[in-house]
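Beneath this line is the structure, given in structure tokens, with notes to follow.
Here the structure is a predicted model, which is why all the values come from computation and not from measurement. Note: hydrogens, waters and symmetry copies are ignored here, and every other heavy atom, side chains too, is used.
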Amino acid sequence: MPASPDFTARPLTEGTWADLEELFWLPGGSIVRGCWCMFYRRTGRPAADEAADMKAANKRALRGLVGNGTAPGLIGYLDGRPAGWISLGPREEYLKLRRSPVMKPVDDQPVWSVVCSYVARPYRGQGLQHRLLAAALSWAREQGAGLIEAYPVDKPDRSHDDFMFFGSRSLYEQAGFREVVRRSPTRVVMRRDLAARRP
């Protein structure tokens, strides 16, 4: 019986940037290599010079964040190869959430947000999202986060894997998140208290 792949997670930094590029160019990455996890960090209309090529503008913007010392998420590796990505950080960094009908603030508590979880197609079906989320929770706690929230899909029909960037309700329930508000028939806001260790 073959050994299960070794999993590790590392923050996105200038030293791991090339790994994110490699990951996003794997099969299944057409959407992430357009957004570069900048959609919820932006607000308002793009500048004229950006609108012509938003993919390139988003990539430059994310690279700029990393260059300025922000670690906007974690890369997950299987046997040393980049296989998945999870984007998270303090909620106030995601400007577009403020006006979202579904994801607008629940209250004024300081909270971190998970806005994207992505696994490249060759690595799906191995439980990698669960391992990425567990690593993200540990990392957020190390950065001083006390509360973290997510905005998963909650509906009876299964969505295509390529469109499950918010993750499923069951993914977060298994990690100890609980629903705090529902503003959509198919989406919920869920939270976990990072100060309380799970039994």
Side-chain angles (χ1 to χ4, degrees), residues 5-26 28-29 31-43 50 54-98 100 103 105 109-120 123 128-152 164-167 171-172 175-177 190-195 197:
D6 180 54
F7 173 79
T8 55
R10 298 172 64 191
L12 178 60
T13 64
E14 291 199 310
T16 57
W17 176 261
D19 295 338
L20 188 74
E21 290 183 307
E22 179 182 336
L23 171 67
F24 281 10
W25 279 102
L26 289 175
I31 296 174
V32 289
R33 63 177 172 261
C35 174
W36 289 91
C37 272
M38 288 302 300
F39 182 80
Y40 288 102
R41 290 181 178 272
R42 293 177 174 272
T43 187
E50 293 182 331
M54 281 305 299
K55 292 180 181 181
N58 286 336
K59 184 177 180 179
R60 284 194 304 271
L62 185 64
R63 184 65 190 266
L65 279 177
V66 172
N68 288 330
T70 296
L74 303 178
I75 302 170
Y77 299 81
L78 288 180
D79 289 338
R81 304 303 305 176
W85 159 253
I86 189 163
S87 178
L88 73 159
R91 182 192 171 89
E92 61 266 21
E93 294 182 2
Y94 298 99
L95 302 177
K96 199 163 285 187
L97 295 184
R98 297 174 189 169
S100 166
M103 299 176 288
Q109 292 188 79
V111 61
W112 276 39
S113 294
V114 181
V115 296
C116 178
S117 179
Y118 165 72
V119 174
Y123 298 103
L128 187 55
Q129 273 201 325
H130 293 273
R131 298 164 91 176
L132 270 170
L133 180 56
L137 296 179
S138 295
W139 184 73
R141 187 183 293 112
E142 290 167 5
Q143 308 311 304
L147 191 63
I148 191 164
E149 69 182 23
Y151 319 98
M164 286 296 291
F165 297 105
F166 289 114
L171 169 71
Y172 288 95
F177 285 69
M190 302 182 76
R191 281 184 172 176
R192 178 172 161 185
D193 181 353
L194 293 177
R197 298 279 180 170

If only atom types and distance count, is the side chain of Thr8 paired as donor or acceptor with the main-chain N or O of Gly80 below 3.5 Å? no
Atom CZ of Phe165 and atom CH2 of Trp85: how far apart are they, to the nearest 0.5 Å? 13.0 Å
Tell me every residue that passes salt bridge (charged side-chain N to carboxylate O under 4.0 Å, His left out) with Glu92, counting only those two or more places apart in sequence or in another chain. none
What I'd like to find out is whether the side chain of Asn58 reaches to under 4.5 Å of the side chain of Phe39, using heavy atoms alone. no
I'd like to know whether Arg98 forms a side-chain contact (heavy atoms from CB on, under 4.5 Å) with Tyr40, so could you lay out the CA-CA distance, the side-chain angles of the two residues, the decisive distance to 0.1 Å, and finally the verdict. CA-CA 10 Å; Arg98 297 174 189 169; Tyr40 288 102; over 6 Å; no
Where Tyr123 and Arg81 come nearest, the two heavy atoms and their spacing: OH-CB, 3.8 Å
I would like to know whether Glu21 and Lys59 meet side-chain contact (heavy atoms from CB on, under 4.5 Å); could you show each step before the answer? CA-CA 10 Å; Glu21 290 183 307; Lys59 184 177 180 179; 2.9 Å; yes
In Å, rounded to the nearest 0.5 Å, how long is the span from CE of Met38 to CE of Met54? 8.5 Å
Contact summary for Ala136 and Leu88, nearest pair of heavy atoms: O-CD1, 3.8 Å
From Ser113 OG over to Arg191 CZ, what is the distance, rounded to the nearest 0.5 angstrom? 8.5 Å
Hey, mind stepping through Trp112 and Leu194 against side-chain contact (heavy atoms from CB on, under 4.5 Å) and telling me if it holds? CA-CA 10 Å; Trp112 276 39; Leu194 293 177; over 6 Å; no
Residues Pro82 and Ile75: closest non-hydrogen pair is CB-CG2, 4.1 Å
Just one of Asp19, Leu62, Leu65 clears the side chain to side chain contact (heavy atoms under 4.5 Å, CB included) bar with Leu12, so which one? Leu62
Nearest heavy atoms of Gly67 and Glu14, plus distance in Å: CA-OE2, 3.6 Å
Smallest separation among heavy atoms of Leu97 and Tyr151, with atom names: CD1-OH, 3.7 Å
Can you tell if the side chain of Thr16 reaches within under 4.5 Å of the side chain of Tyr77, non-hydrogen atoms only? yes
Results of ring-ring contact (aromatic ring centres under 6.0 Å, His included) for Phe177 - residues two or more places apart only: Tyr172
Check: His130 and Leu171 side chains under 4.5 Å, non-hydrogen atoms: yes
Under 3.5 Å, is there a donor-acceptor pair between the side chain of Thr70 and the main chain of Pro72? no
Side chains of Ser117 and Leu133: does their closest heavy-atom pair fall under 4.5 Å? no
Val115 versus Arg41: any side-chain heavy-atom pair under 4.5 Å? no
Tyr94 versus Ser87: any side-chain heavy-atom pair under 4.5 Å? yes
Is it the case that the side chain of Arg192 and the backbone of Ala175 share a donor-acceptor pair, with hydrogens and angles ignored and the cut-off at 3.5 Å? yes
Hey, is the main chain of Val111 close enough, under 3.5 Å, to the side chain of Arg91 for a donor-acceptor pair? no
Are the side chain of Trp25 and the backbone of Glu22 linked by a donor-acceptor contact shorter than 3.5 Å? no
Quick one: does Asp79's side chain have a donor or acceptor within less than 3.5 Å of a partner on Asp6's backbone? yes
Which value, rounded to the nearest 0.5 Å, describes the distance between Leu137 atom CG and Leu132 atom CG? 11.0 Å
For residues Leu23 and Tyr118, determine if any side-chain heavy atom of one lies less than 4.5 Å from a side-chain heavy atom of the other. yes
Output for pair (Cys35 SG, Phe24 CZ), nearest 0.5 Å, gives 8.0 Å
Provide the closest heavy-atom pair for Arg131 versus Pro5 in the form atom of the first, atom of the second, distance. NH2-O, 3.6 Å
